[in-house]
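As structure tokens, the structure follows; a few thoughts come after it.
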Amino acid sequence: MHKPIFLKGGNLIDGNGFILKSAGIIIDGERISQVGPLSELTIPKDVEVIDTSEYTLMPGLIDAHMHLFGVTSLNLAVAFLEPNEVLLGRALTDLPKLINAGFTSVRDVGSPVTIYIKQLIQEGLYQGPRIKTAYKMLTQTAGHGDLHMLPLEFNKNRVCDGVDDCRKAAREQFRSGADFIKICSTGGVLSEKDDPRFSQFTIDEIKAIVYEAEAVGSFVASHAQGTQGIKNALIAGVKTIEHGIFIDDEGIELMLKRDAILVPTLSIVHRLITEGKNHGVPEFGLRKSKKVYEIHQINMRKAYEAGVQMAIGSDFVGCSPVPHGENALELDLFVNDLGFSPMEAIVASTKTAAKAMDMEDEIGTIEVGKYADILVVSGNPAENIKVLLDTNNIKKVFVGGKLLKDI
């Protein structure tokens, strides 16, 4: 029989945007059984007490856009030629890095190996964050996910064209164990021959994919950078827009109308610009990154000021200059580049990111009945978001009530 755990004292950031002083949390098994002021808790007799009076308690961080890929370079043409077994082995070493940084849940938006990593964690063979994965990204021929520089047979994504093929491709991902579907409705930065502004997939193709996802209680996330491709995805019923670089006023209104979530992924472009040249990033990727970064910031600020829901997502893949373990950079960029308050950035990385994972009833806030995904942090990130960038400040990490980091 497990003992209940009592996290006693400290300031509690609940994930809803509030702070409670002199708070406590009681963990019973995987879930939170009590939370509130110390004076109002009923303490079980046989309980393990952990004094957290000098610390901040908060929900585990969530990276709502990342890749557990196991690559050694952002030159994806090289990465796609490596065996999946090698990619899997490398990606497994990223799990403790994510836990060390306080990330208790991640949404993998495309990787040929993450469905197997998730299974290994569920079997108890490895410890790591809670995972939702899209498995293979869906892309049209010559789309962002179709690596144009390689023969088609080497592609680790799923190329599909036409309504029937798109429908089948979506079904294939769920058959293989995907939790949701990731599509590309525009071009991108790290693909060679397309442009971020180009629209990809027709609205009817996207609608077919959304239908298949919703039919099994799931959803679709869209890599969408160009103006029309963003709107096409929203019209077709996509739940989350990834990147959103060239979103316009009409796109912002559509997001608000459809209760969609925007995941800007500022971190990867920031790192491409500042460090990419030293880490083998192809010249076309560097050129396109520099071209879009300023407009990306401007449009994300417009979306934020309009009230669009925004979630934290780093788009890190596990190699330099975008290694896992440094994913909290996105929170810092939300504050410094977009004008979020530290508390708003925390909500974006917990409550809103949980909604982007379609798990808002289970994680993202410190509430009775939710999974005990909890951080014990030195310092107050609601006053200084940079506290979360230093992993030494992350003293304890619980995932489903299990203590996976303790320093």
Side-chain angles (χ1 to χ4, degrees), residues 1-64 98-107 118 121-124 126-132 179 343 346-347 349-382 388 393-407:
M1 291 290 291
H2 64 266
K3 279 187 176 183
I5 298 171
F6 178 24
L7 303 180
K8 182 180 180 181
N11 293 328
L12 170 65
I13 297 173
D14 66 355
N16 288 306
F18 301 102
I19 296 180
L20 178 64
K21 295 183 177 181
S22 299
I25 304 171
I26 295 177
I27 302 170
D28 193 353
E30 292 185 324
R31 297 184 182 264
I32 298 166
S33 62
Q34 296 183 57
V35 59
L38 290 176
S39 59
E40 297 180 8
L41 299 178
T42 302
I43 312 305
K45 291 181 180 179
D46 188 22
V47 67
E48 178 186 351
V49 179
I50 299 176
D51 183 4
T52 56
S53 57
E54 301 299 317
Y55 300 99
T56 297
L57 303 172
M58 62 179 289
L61 300 174
I62 301 169
D63 191 331
L98 289 162
I99 293 298
N100 186 53
F103 283 85
T104 57
S105 294
V106 297
R107 189 175 67 143
K118 181 179 177 180
I121 291 174
Q122 290 173 337
E123 291 178 1
Y126 288 85
Q127 294 182 328
R130 205 175 299 282
I131 294 174
K132 277 202 170 185
D179 299 297
M343 182 62 85
I346 291 169
V347 172
S349 67
T350 55
K351 183 178 183 177
T352 311
K355 188 174 181 180
M357 289 186 69
D358 201 27
M359 293 189 71
E360 63 267 36
D361 293 335
E362 300 282 359
I363 61 174
T365 57
I366 305 291
E367 297 181 65
V368 171
K370 289 195 173 183
Y371 283 115
D373 295 357
I374 299 169
L375 307 184
V376 179
V377 178
S378 178
N380 186 353
L388 296 174
N393 291 327
I394 314 293
K395 299 301 183 182
K396 299 182 191 296
V397 177
F398 293 87
V399 178
K402 292 182 179 179
L403 184 58
L404 299 190
K405 179 181 180 180
D406 187 12
I407 61 173

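You'll find the side chain of Pro381 reaches within 4.5 Å of the side chain of Ile346, heavy atoms only.
When atom types are taken as modelled, the side chain of Gln34 and the backbone of Thr42 share a donor-acceptor pair closer than 3.5 angstrom.
Between Leu61 atom CG and Leu98 atom CG the span is 10.5 Å, to the nearest 0.5 Å. Once rounded to the nearest 0.5 Å, the distance linking CE of Met359 with OG of Ser105 reads 6.0 Å. We find the CD1-NZ distance between Ile363 and Lys355 to be 14.0 Å, quoted to the nearest 0.5 Å. Once rounded to the nearest 0.5 Å, the distance linking CD1 of Ile131 with CD1 of Ile121 reads 4.0 Å.
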Under 3.5 Å, which donor-acceptor pairs link side chains of residues 6-30 to any protein atom two or more places apart or in another chain?
from	atom 1	to	atom 2	distance (Å)
Asp14	OD1	Asn16	N	2.8
Asp14	OD1	Gly17	N	3.3
Asp14	OD1	Phe18	N	3.1
Asn16	OD1	Lys351	NZ	2.9
Asp28	OD1	His2	NE2	2.8

Show every donor-acceptor pair shorter than 3.5 Å between a side-chain atom in residues 397-407 and any protein atom, with sequence neighbours excluded, or say none if there are none.
from	atom 1	to	atom 2	distance (Å)
Lys405	NZ	Asn100	O	2.8
Lys405	NZ	Asn100	OD1	2.7
Lys405	NZ	Thr391	O	2.8
Lys405	NZ	Ile394	O	2.9
Asp406	OD1	Lys396	NZ	2.4

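Checked for salt-bridge contact, Arg107 and Asp63 miss the test: no charged N lies under 4.0 Å from a carboxylate O. Ion pairing of Lys370 with Asp361 is absent here, as no side-chain N (NZ or NE/NH1/NH2) approaches a carboxylate O to less than 4.0 Å. Using a 4.0 Å cut-off between charged nitrogen and carboxylate oxygen, Glu362 and Arg31 count as a salt-bridge pair.
Applying the salt bridge (charged side-chain N to carboxylate O under 4.0 Å, His left out) definition to pairs two or more places apart or across chains, those involving residues 46-60 are Lys3-Asp46.
The shortest non-hydrogen separation linking Gly379 to Thr56 is O-OG1, 2.7 Å.
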